[in-house]
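Working notes for the structure below.
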Amino acid sequence: MPPRKNVLLAPVTVTPTKPLTPSHLKGLLWTDVMFRATAPLAEVTYRYSHTTYHVTEQTVGFWEYLDRSHGETDYAQLSEEEIGELYVRHRAEERPRSAEVLRPYRDAVEHSGWTHPASERLLKLWAGHYERLGMHDPGLREHQPPGLGLEEMIERLSAAGLVLDQRAWGGPVYLDLTRYGMPLRRIVTSDGRPNYLACALRELLPLVPWYDEVVLLYDRELDADYQLLNRVLTRLGPTVRRVPVGRVPIDGRITSARYGGWRGHTAGVLLGEAAETCGDDTDVLRLGTRLYFVATLGPGQRESFRHDLLRNCLTVAARLLKRSRAAVTGGTGDLLDALDRHRRGHTYVDPYRLTCSLLGSGRPAPDPGLLSAVYL
């Protein structure tokens, strides 16, 4: 048999500043199915570091707002929705703080792995959601610093001729891929504030040379940045695959979580509603949510979230599990063949094609081994 390839899954992270929404759940479940389905076929690393991205203004700006406006709050007693409401107020304030004001927060993250109590509370709640949904926890609450410091990352890009650094003249730092017909992209402001793309480069530049294939899963709204990231990482040797995953509209609208359109649709609310359909049967919950967020919603973003379709998928999951439990478990070879059919020239298994293969009239009962390995 050919040697197993090394695959790095690097999904976009959800900053711990608001509740998990249907869009977040879709991306997380999509990644989870890909990870668990690819693991029997390759050596897979699932890199998902909150530490790396805590230093972005989206996060440290929120922390500074909380300390300035709600310093006496006991965040351990708040729900994710209550913390999310504070985030909405912060973003509505529109009072950006200077780099000097935010620097102590960035230094605390960089040098001691510190996380604000509000985000610690969210990550603890999210870990509970992960457990109920049977998702692999890639280290939600662990300190996982990136392999490069900010200056090291800029120096590495400079050595490759991929950066325009204007800080000596009071300007910002740009990722420069104009030789490839791509626009300049600012990654560090003139006063030293890195954006999400700068953090991704700090994390991925030292990692990707060790892998045969790198899979970038991300929100379609970030496609321009991920095209740039793809071009940079490809220069380091591995095959890079971009997998954009569409957001989930709520009542026909796609809005950022900063505006609060998630009310009544957070992960905690949806899990509570799902329990009314499947009770304590976690297998039905885990399979049903994947049937909905992966197979039913698909990779696009045209279909609004529908409670009735989620309940229907839970009902379908119960039927599939009943049929599967009565079936004969296939051997390891059968499982590998079933997974391999959904690779289509790349090493990773396509979550959408695999999950859709479970559905449809006239299909045989799902292999219990497949369900156990990937969905339960």
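- By the 4.0 Å N-to-carboxylate-O rule, E276 lies too far from R311 to be salt-bridged with it.
- Relative ring orientation between W114 and H116 is described as perpendicular, the plane-to-plane angle rising above 60° on a 0-90° scale split at 30° and 60°.
- In terms of heavy-atom proximity, V7 sits nearest to Y211 at C-CD2, 3.6 Å.
- Under the 4.0 Å criterion applied to side-chain N and carboxylate O atoms, D32 and R36 are assigned as salt-bridge partners.
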Inset, instruction - For ring pair (Phe, Tyr, Trp, His ring centres under 6.0 Å), just list the numbers for H70 and Y65, CA-CA rounded to whole Å, side-chain angles, deciding distance to a tenth of an Å, and then say yes or no. - result: CA-CA 8 Å; H70 303 275; Y65 164 81; 5.7 Å; yes
Legend entry - Working for side-chain contact (heavy atoms from CB on, under 4.5 Å), residues L270 and L25: CA-CA 10 Å; L270 299 183; L25 286 174; 4.0 Å; yes
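- Salt bridge absent: E303 and K26 never bring a charged side-chain N and a carboxylate O closer than 4.0 Å.
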Inset, instruction - Please assess E81 against T266 for the test side chain to side chain donor-acceptor pair (under 3.5 Å), listing each intermediate value before the final yes or no. - result: CA-CA 8 Å; E81 290 81 8; T266 61; 2.4 Å; yes
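- A side-chain donor from one of H129 and E80 sits under 3.5 Å from a side-chain acceptor of the other.
- A salt bridge links R68 to E64: one of the charged nitrogens lies within less than 4.0 Å of a carboxylate oxygen.
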Inset, instruction - Mind running ring pair (Phe, Tyr, Trp, His ring centres under 6.0 Å) on H54 and W63 for me, showing each step along the way? - result: CA-CA 10 Å; H54 278 337; W63 293 352; 5.1 Å; yes
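- In summary, the aromatic rings of F305 and Y292 are positioned with their centroids under 6.0 Å apart.
- Between E82 and R121 there is no salt bridge, since none of the side-chain N atoms of the basic residue sits less than 4.0 Å from a carboxylate O of the acidic one.
- Across all their heavy atoms, L339 and P40 have their closest contact at CD1-CG, 3.7 Å.
- Using a 4.0 Å cut-off between a side-chain N of Lys or Arg and a carboxylate O of Asp or Glu, D308 and R306 qualify as a salt bridge.
- The minimum heavy-atom distance linking S49 with T13 is given by the pair O-CG2, 3.9 Å.
- Checking E221, R220, Q227 one by one against D223, the side chain to side chain contact (heavy atoms under 4.5 Å, CB included) holds for a single residue, Q227.
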Inset, instruction - Start with the C-alpha gap between E213 and K5, add the side-chain angles, then the distance that decides, and say whether salt bridge (Lys or Arg N to Asp or Glu O under 4.0 Å) holds. - result: CA-CA 8 Å; E213 182 170 286; K5 291 187 175 181; 5.9 Å; no
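- Classification of the F62-Y87 ring pair by plane angle, with boundaries at 30° and 60°, yields perpendicular.
- For R179, the CZ atom is densely surrounded, since the number of other residues' heavy atoms within 6.0 Å is greater than 12.
- Under a 4.0 Å N-O distance rule, the pair R185/D225 qualifies as a salt bridge.
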Inset, instruction - Take R325 and D283 through the test salt bridge (Lys or Arg N to Asp or Glu O under 4.0 Å) and record every step on the way to the result. - result: CA-CA 12 Å; R325 287 161 181 161; D283 285 352; 3.2 Å; yes
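- In this structure the side chain of T59 never reaches within 4.5 angstrom of the side chain of Y53, judged on heavy atoms.
- A salt bridge is defined here as a Lys NZ or Arg NE, NH1 or NH2 lying under 4.0 Å from an Asp or Glu carboxylate O, and D219 with R247 meets this definition.
- Other residues, nucleotides and ligands place more than 12 heavy atoms under 6.0 Å from the CZ atom of R47.
- Between L175 and L157 the shortest side-chain heavy-atom distance falls below 4.5 Å.
- The number of heavy atoms from other shown groups lying within 6.0 Å of CG (D74) is above 12.
- The OG1 atom of T73 sits 7.0 Å away from atom CG of L86, with the distance rounded to the nearest 0.5 Å.
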